[in-house]
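Read through the structure below, which is laid out as structure tokens, and then see the notes.
Residue numbers start from 1 in every chain, and the chains themselves are labelled A, B, ... in the order their sequence lines are given, proteins ahead of strands. Heavy-atom basis, side chains included; hydrogens, waters and symmetry copies ignored.
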Amino acid sequence: GQQVQQSPASLVLQEGENAELQCNFSTSLNSMQWFYQRPEGSLVSLFYNPSGTKQSGRLTSTTVIKERRSSLHISSSQITDSGTYLCAMEQRPSGSWQLIFGSGTQLTVMP
Amino acid sequence: ETAVFQTPNYHVTQVGNEVSFNCKQTLGHDTMYWYKQDSKKLLKIMFSYNNKQLIVNETVPRRFSPQSSDKAHLNLRIKSVEPEDSAVYLCASSLGLGEYEQYFGPGTRLTVL
């Protein structure tokens, strides 16, 4: 089965509303990463979050390892937040390194 | 400001041909990556190259190989393309593996006819 599951698959908000994006993982991990893909395709890193809460502007990431989940909270959404949000599970098996992505949440913020 | 450069932007080729994509980063980073994003937008790490150590995703077919001349360059060669190789290939770099922010290039879109 899929090791990383993201929900919802898509989300439509009115500008100013908050969003909560979820990522659940089925195996042990080293950390969770969040990425944002703009509608035209460019990718940016948002958070590296092994546990606890991290904030950057209107974005907050919370990872709870023992509950096997990570969330991304977007407050006061703006039209420019539209795009796809991806979580990725980082694993380090036997000195190696893997990054396993979820299928993404497509966010649309309407005026 | 683009600091991770990829060429070409697009490439169309026939099944069985060999292709090569270039990636260069001007950030002084020690780690570079290649990702594949398929038509369903699913992203998969293919290779990471960190301090001359190559880490290969075991699911990557052997016809794919990374080529590095120095830590600023990591090219991707596909020996004999197949239709399922049609995708966007994204290159990225970071200071190191794991907790460092990754910087992505604009991608190379490959279409295999």
Side-chain angles (χ1 to χ4, degrees), chain A residues 1-6 8-10 23 28-52 54 56-57 59 61 63 65 70 82-108, chain B residues 1-6 8-10 23 25 27 29-60 66 87-111:
Chain A
Q2 204 173 350
Q3 290 180 284
V4 183
Q5 294 191 322
Q6 280 192 252
S10 62
C23 190
S28 62
L29 82 169
N30 203 63
S31 183
M32 186 63 75
Q33 298 194 34
W34 284 92
F35 298 84
Y36 166 60
Q37 189 163 33
R38 297 188 181 96
E40 87 279 5
S42 59
L43 262 166
V44 295
S45 290
L46 295 177
F47 291 104
Y48 177 90
N49 191 354
S51 68
K54 291 194 172 184
S56 175
L59 302 181
S61 165
T63 297
I65 294 289
S70 183
S82 297
T84 303
Y85 292 81
L86 296 156
C87 66
M89 180 174 73
E90 184 197 36
Q91 292 181 316
R92 294 190 182 233
S94 308
S96 186
W97 183 82
Q98 289 180 17
L99 201 58
I100 301 167
F101 285 81
S103 51
T105 293
Q106 189 162 356
L107 176 66
T108 304
Chain B
E1 175 192 338
T2 305
V4 181
F5 303 88
Q6 289 187 243
N9 295 329
Y10 304 92
C23 180
Q25 53 96 1
L27 296 163
H29 287 166
D30 288 328
T31 306
M32 295 185 73
Y33 313 82
W34 275 104
Y35 293 87
K36 177 184 178 183
Q37 189 166 40
D38 63 21
S39 57
K40 295 180 182 176
K41 304 287 186 182
L42 188 62
L43 203 56
K44 276 191 180 178
I45 182 89
M46 299 180 73
F47 304 100
S48 60
Y49 201 77
N50 179 51
N51 285 330
K52 298 185 180 179
Q53 182 195 7
L54 177 65
I55 299 174
V56 181
N57 184 329
E58 61 188 17
T59 66
V60 173
V88 175
Y89 292 86
L90 291 153
C91 177
S93 74
S94 64
L95 279 170
L97 274 181
E99 69 265 34
Y100 301 99
E101 181 178 359
Q102 292 186 43
Y103 293 79
F104 288 83
T108 294
R109 181 177 294 276
L110 173 66
T111 301

### Query
What's the shortest heavy-atom distance between A/S45 and B/E101, and which atoms?
CB-CG, 3.6 Å
### Task
Return the minimal non-hydrogen interatomic distance between B/L42 and A/F101, and the atom names on each side.
CD1-O, 4.3 Å
#### Entry: chain A contact via B/L43 - which portion, at a heavy-atom distance below 4.5 Å
both
### Message
Heavy-atom cut-off 4.5 Å, strictly under: side chain, backbone, both or neither for B/Q37 against chain A?
### Response
side chain
### Contact leader toward chain A among B/I55, B/N50, B/L97, B/V56, where contacts are heavy-atom pairs under 4.5 Å
B/L97
### Query
In terms of heavy-atom contacts, does NZ of A/K54 have more than 12 from other residues, nucleotides or ligands at under 6.0 Å?
yes
### Query
Atom CZ in B/F104, atom CD in A/Q37: separation rounded to 0.5 Å?
9.0 Å
### Summary
Taken to the nearest 0.5 Å, the spacing of A/Q98 CD from B/N57 CG works out to 6.5 Å
### Message
For A/E40, which atoms come within 4.5 Å of any heavy atom of chain B: side chain, backbone, both, or neither?
### Response
neither
### Validation row: A/L99, B/Y35 side chains within 4.5 angstrom (heavy atoms)
yes
### Task
Could you tell me whether the side chain of A/Q106 reaches within less than 4.5 Å of the side chain of B/K41, counting heavy atoms only?
no
### Query
Picking from A/F35, A/F47, A/Y48, which has the most non-hydrogen pairs under 4.5 angstrom with chain B?
A/Y48
